[in-house]
Amino acid sequence: MKKRMLNLFFLTLVALTVGVSIWGPEALSNYQDRYFLGKTHLQQVEISGEGFRYEMSPAEKLFVLSRAMTGQKTAEEGFKMDERGEASFGAEWGGTYALVVNHRGPGKEEVSSAEIYGICNEGLKELKAAGILPGSLLEVDPELYDAVLYSAIDVREPRNSVAVWQVSLSDSRRDVRKDNRLMEAYVDAEDGKIYQFYARTEREWEDLNPDELIQSWSRYLKLPSPLEYKEASPLSEATPYFKKYEVLGNLEEKTVVTVGFYEGIREMFVRIEE
(Lines give C-alpha, C1' and ligand atoms only; values in the text may rest on other atoms or scores of the structure.)
Protein backbone atom coordinates (compact mmCIF):
# COMPACT_ATOMS: atom_id res chain seq x y z
CA MET A 1 0.00 0.00 0.00
CA LYS A 2 2.77 2.33 0.93
CA LYS A 3 4.60 1.53 -2.27
CA ARG A 4 1.46 2.23 -4.35
CA MET A 5 1.08 5.66 -2.71
CA LEU A 6 4.71 6.56 -3.49
CA ASN A 7 4.25 5.52 -7.11
CA LEU A 8 1.07 7.57 -7.34
CA PHE A 9 2.80 10.62 -5.84
CA PHE A 10 5.70 10.22 -8.28
CA LEU A 11 3.35 9.95 -11.28
CA THR A 12 1.41 13.01 -10.10
CA LEU A 13 4.64 15.01 -9.74
CA VAL A 14 5.77 14.02 -13.26
CA ALA A 15 2.37 14.97 -14.70
CA LEU A 16 2.49 18.38 -13.01
CA THR A 17 6.03 18.98 -14.26
CA VAL A 18 5.05 18.13 -17.84
CA GLY A 19 1.97 20.32 -17.61
CA VAL A 20 3.88 23.31 -16.31
CA SER A 21 6.53 22.93 -19.02
CA ILE A 22 3.83 22.88 -21.72
CA TRP A 23 1.30 25.43 -20.49
CA GLY A 24 3.40 27.52 -18.13
CA PRO A 25 5.18 29.80 -20.68
CA GLU A 26 1.93 30.57 -22.52
CA ALA A 27 0.12 31.37 -19.27
CA LEU A 28 2.98 33.62 -18.15
CA SER A 29 3.01 35.40 -21.49
CA ASN A 30 -0.74 36.02 -21.32
CA TYR A 31 -0.37 37.39 -17.81
CA GLN A 32 2.39 39.78 -18.87
CA ASP A 33 0.33 40.93 -21.84
CA ARG A 34 -2.64 41.69 -19.57
CA TYR A 35 -0.30 43.66 -17.29
CA PHE A 36 1.44 45.78 -19.93
CA LEU A 37 -1.13 46.24 -22.68
CA GLY A 38 -3.41 49.25 -22.35
CA LYS A 39 -1.35 50.77 -19.53
CA THR A 40 1.37 53.44 -19.34
CA HIS A 41 4.65 52.42 -17.69
CA LEU A 42 7.64 54.66 -16.97
CA GLN A 43 11.17 53.43 -17.41
CA GLN A 44 14.45 55.38 -17.21
CA VAL A 45 16.60 54.81 -20.26
CA GLU A 46 20.09 56.20 -20.74
CA ILE A 47 20.57 57.36 -24.32
CA SER A 48 24.19 57.90 -25.20
CA GLY A 49 24.94 61.37 -26.50
CA GLU A 50 21.41 62.78 -26.26
CA GLY A 51 21.40 66.13 -24.49
CA PHE A 52 25.09 65.75 -23.67
CA ARG A 53 27.19 68.89 -23.60
CA TYR A 54 30.93 68.53 -23.22
CA GLU A 55 32.25 70.84 -20.54
CA MET A 56 35.76 72.17 -21.11
CA SER A 57 38.02 73.30 -18.29
CA PRO A 58 39.27 76.92 -18.29
CA ALA A 59 42.74 75.70 -19.33
CA GLU A 60 41.25 73.71 -22.24
CA LYS A 61 39.23 76.71 -23.38
CA LEU A 62 42.30 78.93 -23.23
CA PHE A 63 44.35 76.45 -25.25
CA VAL A 64 41.77 76.03 -28.05
CA LEU A 65 41.15 79.79 -28.28
CA SER A 66 44.88 80.51 -28.30
CA ARG A 67 45.56 78.04 -31.10
CA ALA A 68 42.63 79.30 -33.16
CA MET A 69 43.62 82.95 -32.77
CA THR A 70 47.30 82.28 -33.42
CA GLY A 71 46.51 80.69 -36.77
CA GLN A 72 44.33 83.68 -37.73
CA LYS A 73 42.16 81.31 -39.77
CA THR A 74 38.61 82.34 -40.48
CA ALA A 75 37.89 79.38 -42.78
CA GLU A 76 34.43 80.66 -43.63
CA GLU A 77 34.29 78.56 -46.79
CA GLY A 78 33.62 74.92 -46.14
CA PHE A 79 32.53 75.53 -42.55
CA LYS A 80 29.24 73.99 -41.47
CA MET A 81 27.40 73.51 -38.20
CA ASP A 82 24.74 70.84 -37.81
CA GLU A 83 21.48 70.97 -35.84
CA ARG A 84 23.22 69.82 -32.67
CA GLY A 85 25.71 72.68 -32.89
CA GLU A 86 28.62 70.46 -33.91
CA ALA A 87 31.08 71.96 -36.39
CA SER A 88 32.51 70.33 -39.47
CA PHE A 89 34.80 71.40 -42.29
CA GLY A 90 35.13 70.38 -45.90
CA ALA A 91 37.78 67.91 -47.00
CA GLU A 92 39.86 70.77 -48.43
CA TRP A 93 40.35 72.32 -44.99
CA GLY A 94 43.80 71.36 -43.76
CA GLY A 95 44.07 73.37 -40.54
CA THR A 96 44.03 72.02 -37.00
CA TYR A 97 42.26 74.93 -35.29
CA ALA A 98 39.95 77.53 -36.79
CA LEU A 99 38.45 80.83 -35.76
CA VAL A 100 35.15 81.43 -37.56
CA VAL A 101 32.44 84.04 -37.34
CA ASN A 102 29.38 82.45 -35.73
CA HIS A 103 26.58 83.53 -38.05
CA ARG A 104 24.02 81.38 -36.22
CA GLY A 105 24.22 83.62 -33.19
CA PRO A 106 24.58 82.69 -29.51
CA GLY A 107 22.94 79.62 -28.00
CA LYS A 108 20.43 79.60 -25.17
CA GLU A 109 23.12 79.54 -22.49
CA GLU A 110 25.33 82.15 -24.17
CA VAL A 111 25.47 85.94 -23.93
CA SER A 112 23.35 87.72 -26.53
CA SER A 113 24.34 90.72 -28.64
CA ALA A 114 22.14 92.91 -26.46
CA GLU A 115 23.82 91.68 -23.26
CA ILE A 116 27.48 91.58 -24.27
CA TYR A 117 28.33 95.22 -23.48
CA GLY A 118 26.98 95.00 -19.96
CA ILE A 119 28.69 91.62 -19.46
CA CYS A 120 31.96 93.09 -20.73
CA ASN A 121 31.69 95.95 -18.24
CA GLU A 122 31.12 93.46 -15.44
CA GLY A 123 34.30 91.68 -16.54
CA LEU A 124 36.21 94.97 -16.51
CA LYS A 125 35.03 95.59 -12.95
CA GLU A 126 36.42 92.21 -11.92
CA LEU A 127 39.75 92.96 -13.59
CA LYS A 128 39.88 96.34 -11.82
CA ALA A 129 39.07 94.76 -8.45
CA ALA A 130 41.87 92.24 -9.03
CA GLY A 131 44.34 95.07 -9.71
CA ILE A 132 44.85 94.00 -13.33
CA LEU A 133 43.32 97.14 -14.82
CA PRO A 134 43.28 100.65 -13.28
CA GLY A 135 40.04 102.03 -11.88
CA SER A 136 40.27 105.01 -14.24
CA LEU A 137 39.52 102.84 -17.30
CA LEU A 138 36.24 103.95 -18.88
CA GLU A 139 33.29 101.60 -19.32
CA VAL A 140 32.36 100.13 -22.67
CA ASP A 141 29.72 102.29 -24.38
CA PRO A 142 27.55 100.35 -26.88
CA GLU A 143 27.48 103.46 -29.09
CA LEU A 144 31.27 103.37 -29.48
CA TYR A 145 32.02 99.65 -29.70
CA ASP A 146 31.43 96.78 -32.06
CA ALA A 147 30.84 93.16 -31.01
CA VAL A 148 31.32 90.07 -33.19
CA LEU A 149 30.65 86.50 -32.08
CA TYR A 150 33.33 83.93 -32.99
CA SER A 151 33.74 80.20 -32.51
CA ALA A 152 37.21 78.82 -31.85
CA ILE A 153 37.19 75.17 -32.90
CA ASP A 154 39.49 72.18 -32.65
CA VAL A 155 38.86 70.75 -36.12
CA ARG A 156 39.95 67.24 -35.08
CA GLU A 157 37.55 67.25 -32.11
CA PRO A 158 34.74 69.72 -33.00
CA ARG A 159 33.13 69.29 -29.58
CA ASN A 160 36.17 71.21 -28.27
CA SER A 161 34.95 74.68 -29.17
CA VAL A 162 34.80 78.04 -27.44
CA ALA A 163 32.30 80.79 -28.27
CA VAL A 164 33.74 84.27 -27.67
CA TRP A 165 32.64 87.82 -28.31
CA GLN A 166 35.23 90.18 -29.75
CA VAL A 167 34.45 93.61 -28.33
CA SER A 168 36.46 96.41 -29.94
CA LEU A 169 36.42 100.19 -30.22
CA SER A 170 34.69 100.97 -33.51
CA ASP A 171 36.95 102.11 -36.35
CA SER A 172 34.15 104.35 -37.58
CA ARG A 173 34.39 106.61 -34.51
CA ARG A 174 37.68 108.34 -35.26
CA ASP A 175 36.71 111.41 -33.22
CA VAL A 176 36.67 109.47 -29.95
CA ARG A 177 39.61 109.96 -27.60
CA LYS A 178 41.29 106.65 -26.86
CA ASP A 179 42.82 107.58 -23.51
CA ASN A 180 41.72 105.28 -20.68
CA ARG A 181 39.70 103.09 -22.99
CA LEU A 182 39.50 99.41 -23.70
CA MET A 183 40.66 98.89 -27.27
CA GLU A 184 39.78 95.23 -27.67
CA ALA A 185 38.78 92.22 -25.60
CA TYR A 186 37.78 88.62 -26.18
CA VAL A 187 34.94 87.69 -23.83
CA ASP A 188 33.68 84.17 -23.11
CA ALA A 189 30.12 83.91 -24.44
CA GLU A 190 29.10 81.58 -21.59
CA ASP A 191 30.56 83.00 -18.38
CA GLY A 192 31.64 86.51 -19.46
CA LYS A 193 35.30 86.01 -18.54
CA ILE A 194 37.80 88.17 -20.42
CA TYR A 195 40.66 86.17 -21.93
CA GLN A 196 42.63 88.73 -23.90
CA PHE A 197 42.57 92.52 -23.86
CA TYR A 198 44.31 95.69 -25.00
CA ALA A 199 43.70 98.85 -22.97
CA ARG A 200 45.13 102.37 -23.04
CA THR A 201 45.68 103.65 -19.52
CA GLU A 202 47.66 106.20 -17.57
CA ARG A 203 50.11 103.56 -16.42
CA GLU A 204 53.71 103.18 -17.53
CA TRP A 205 55.60 99.90 -17.85
CA GLU A 206 57.39 100.71 -14.59
CA ASP A 207 54.01 100.82 -12.86
CA LEU A 208 53.20 97.27 -13.92
CA ASN A 209 54.35 94.14 -12.15
CA PRO A 210 53.93 91.43 -14.82
CA ASP A 211 54.43 88.56 -12.36
CA GLU A 212 51.70 89.78 -10.02
CA LEU A 213 49.43 90.73 -12.92
CA ILE A 214 49.61 87.30 -14.58
CA GLN A 215 48.95 85.55 -11.27
CA SER A 216 45.87 87.71 -10.66
CA TRP A 217 44.66 87.12 -14.22
CA SER A 218 45.08 83.36 -13.80
CA ARG A 219 43.12 83.34 -10.55
CA TYR A 220 40.39 85.39 -12.22
CA LEU A 221 40.09 82.76 -14.98
CA LYS A 222 40.57 79.85 -12.52
CA LEU A 223 43.67 78.65 -14.37
CA PRO A 224 46.66 76.73 -13.05
CA SER A 225 49.44 79.00 -11.78
CA PRO A 226 51.47 80.10 -14.84
CA LEU A 227 55.21 79.61 -15.21
CA GLU A 228 57.74 81.91 -16.80
CA TYR A 229 58.23 81.09 -20.48
CA LYS A 230 61.99 80.86 -20.84
CA GLU A 231 62.06 80.27 -24.60
CA ALA A 232 60.80 83.78 -25.42
CA SER A 233 62.85 85.64 -28.03
CA PRO A 234 63.51 89.37 -27.47
CA LEU A 235 62.56 89.90 -31.13
CA SER A 236 59.17 88.21 -30.85
CA GLU A 237 57.34 91.43 -29.98
CA ALA A 238 57.09 94.92 -31.50
CA THR A 239 57.91 96.36 -28.08
CA PRO A 240 60.79 95.76 -25.67
CA TYR A 241 58.37 95.88 -22.74
CA PHE A 242 56.90 92.41 -22.36
CA LYS A 243 57.15 89.17 -20.43
CA LYS A 244 55.86 85.75 -21.48
CA TYR A 245 54.38 82.95 -19.40
CA GLU A 246 53.00 79.47 -20.04
CA VAL A 247 49.85 77.90 -18.70
CA LEU A 248 49.84 74.11 -18.63
CA GLY A 249 46.61 72.23 -19.30
CA ASN A 250 45.61 68.62 -19.75
CA LEU A 251 47.83 66.22 -21.74
CA GLU A 252 50.74 68.69 -21.48
CA GLU A 253 48.91 71.27 -23.59
CA LYS A 254 50.65 74.60 -23.17
CA THR A 255 49.32 78.11 -23.76
CA VAL A 256 51.75 81.01 -24.01
CA VAL A 257 50.46 84.26 -22.49
CA THR A 258 52.15 87.64 -22.98
CA VAL A 259 51.93 90.64 -20.67
CA GLY A 260 53.17 93.68 -22.58
CA PHE A 261 53.13 97.44 -23.01
CA TYR A 262 53.37 99.83 -25.97
CA GLU A 263 55.19 102.88 -24.63
CA GLY A 264 54.19 105.60 -27.10
CA ILE A 265 50.44 105.06 -26.75
CA ARG A 266 50.51 103.71 -23.18
CA GLU A 267 48.68 100.56 -24.16
CA MET A 268 48.95 97.54 -21.92
CA PHE A 269 47.86 94.10 -22.98
CA VAL A 270 47.41 90.48 -21.96
CA ARG A 271 47.53 88.36 -25.10
CA ILE A 272 47.07 84.63 -25.54
CA GLU A 273 48.16 84.54 -29.17
CA GLU A 274 51.72 83.35 -29.69
Side-chain angles (χ1 to χ4, degrees), residues 58 62 65-66 69-70 111 115-148 150 164-189 191-223 225-226 228-229 232 234-247 255-274:
L62 189 75
L65 181 58
S66 169
M69 293 175 66
T70 296
V111 177
E115 299 169 324
I116 182 55
Y117 300 105
I119 293 295
C120 185
N121 282 326
E122 290 298 318
L124 294 180
K125 288 181 182 179
E126 289 188 65
L127 293 179
K128 291 176 183 180
I132 299 169
L133 287 171
S136 58
L137 190 75
L138 298 174
E139 288 192 344
V140 168
D141 184 344
E143 298 295 325
L144 305 178
Y145 285 81
D146 297 324
V148 180
Y150 285 91
V164 291
W165 283 98
Q166 180 199 50
V167 179
S168 56
L169 189 63
S170 178
D171 292 334
S172 63
R173 301 300 299 267
R174 300 182 182 278
D175 56 326
V176 176
R177 289 182 59 87
K178 297 179 180 179
D179 301 340
N180 282 319
R181 286 196 185 278
L182 178 74
M183 300 302 296
E184 181 186 78
Y186 279 84
V187 186
D188 192 302
D191 59 20
K193 294 293 185 180
I194 296 177
Y195 293 105
Q196 173 174 296
F197 66 84
Y198 291 81
R200 296 192 182 182
T201 72
E202 299 173 346
R203 290 178 175 175
E204 300 287 352
W205 177 248
E206 292 76 15
D207 301 326
L208 301 176
N209 185 325
D211 293 340
E212 290 184 1
L213 191 150
I214 195 66
Q215 292 292 342
S216 297
W217 177 81
S218 298
R219 287 193 294 270
Y220 159 74
L221 286 175
K222 298 180 181 179
L223 296 168
S225 183
E228 183 177 350
Y229 184 60
L235 302 178
S236 61
E237 297 291 335
T239 173
Y241 306 110
F242 72 91
K243 193 168 183 179
K244 291 181 179 289
Y245 303 85
E246 58 184 15
V247 177
T255 303
V256 176
V257 183
T258 306
V259 176
F261 182 81
Y262 295 121
E263 184 178 28
I265 55 177
R266 290 183 178 177
E267 185 169 294
M268 62 176 291
F269 62 87
V270 173
R271 193 184 69 231
I272 63 175
E273 303 169 69
E274 291 188 19

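Here the structure is a predicted model, which means the values were calculated and not measured. Only this structure's heavy atoms are used, side chains among them; waters, hydrogens and symmetry mates stay out.
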Closest non-hydrogen atom pair, V270 against Q196: O-CG, 3.2 Å
Any side-chain heavy-atom pair of I194 and W217 under 4.5 Å: no
Listed partners of R266 passing side-chain hydrogen bond (donor to acceptor under 3.5 Å, both in side chains), at least two apart: E204
Non-hydrogen atoms of I272 and T255 that approach each other most closely: O-CG2, 4.4 Å
Sidechain-backbone polar pair: N121 side chain, V140 backbone, donor-acceptor under 3.5 Å: yes
E267: side-chain hydrogen bond (donor to acceptor under 3.5 Å, both in side chains) partners, not counting sequence neighbours: R200
Side-chain heavy atoms of P226 within contact of V247, under 4.5 Å: yes
Sub-4.5 Å side-chain heavy-atom contact between K178 and I265: no
Heavy-atom side-chain contact between F261 and T239 under 4.5 Å: no
By ring-ring contact (aromatic ring centres under 6.0 Å, His included) - contacts of Y262 (at least two apart): F269
Gap separating the CG atom of D146 from the OG atom of S168, nearest 0.5 angstrom: 5.5 Å
Pairs satisfying salt bridge (Lys or Arg N to Asp or Glu O under 4.0 Å), at least one member in residues 205-222, at least two apart: D211-K243
Distance, nearest 0.5 Å, that separates CG of L208 from CD1 of I132: 11.5 Å
Partners meeting salt bridge (Lys or Arg N to Asp or Glu O under 4.0 Å) with E246 (sequence neighbours left out): K254
Close side-chain approach of P134 and E202, heavy atoms under 4.5 Å: no
Separation between OH of Y117 and CD of E139, rounded to the nearest 0.5 Å: 14.5 Å
Atom pair CG (L138) and OG1 (T201), whose distance is rounded to the nearest 0.5 Å: 11.5 Å
Test item: T258 side-chain N/O and G260 main-chain N/O as donor-acceptor pair under 3.5 Å: no
Salt bridge (Lys or Arg N to Asp or Glu O under 4.0 Å) contacts touching residues 120-131 (sequence neighbours left out): E122-K125, E126-K193
For F197, the option from L127, L124, L137 that meets side chain to side chain contact (heavy atoms under 4.5 Å, CB included): L127
Polar contact flag, side-chain donor to acceptor under 3.5 angstrom, Q166-Y186: yes
Min side-chain heavy-atom separation Y195-P58 under 4.5 Å: no
side-chain contact (heavy atoms from CB on, under 4.5 Å) between L182 and Y145, worked out: CA-CA 10 Å; L182 178 74; Y145 285 81; 4.0 Å; yes
Partners meeting side-chain contact (heavy atoms from CB on, under 4.5 Å) with A232 (sequence neighbours left out): Y229, K244
Sidechain-backbone polar pair: S218 side chain, L223 backbone, donor-acceptor under 3.5 Å: no
By side-chain contact (heavy atoms from CB on, under 4.5 Å) - contacts of D179 (at least two apart): R177
Closest non-hydrogen atom pair, V257 against I214: CG1-CD1, 3.7 Å
Contacts of type side-chain hydrogen bond (donor to acceptor under 3.5 Å, both in side chains), residue S225, not counting sequence neighbours: Q215
Over all atoms of both residues, closest heavy-atom pair of G192 and Y220: O-OH, 4.0 Å
By salt bridge (Lys or Arg N to Asp or Glu O under 4.0 Å) - contacts of D175 (at least two apart): R173
With R181 via side-chain hydrogen bond (donor to acceptor under 3.5 Å, both in side chains) - residues at least two apart: none
Shortest non-hydrogen contact between W205 and P210, atoms and distance: CH2-CG, 3.6 Å
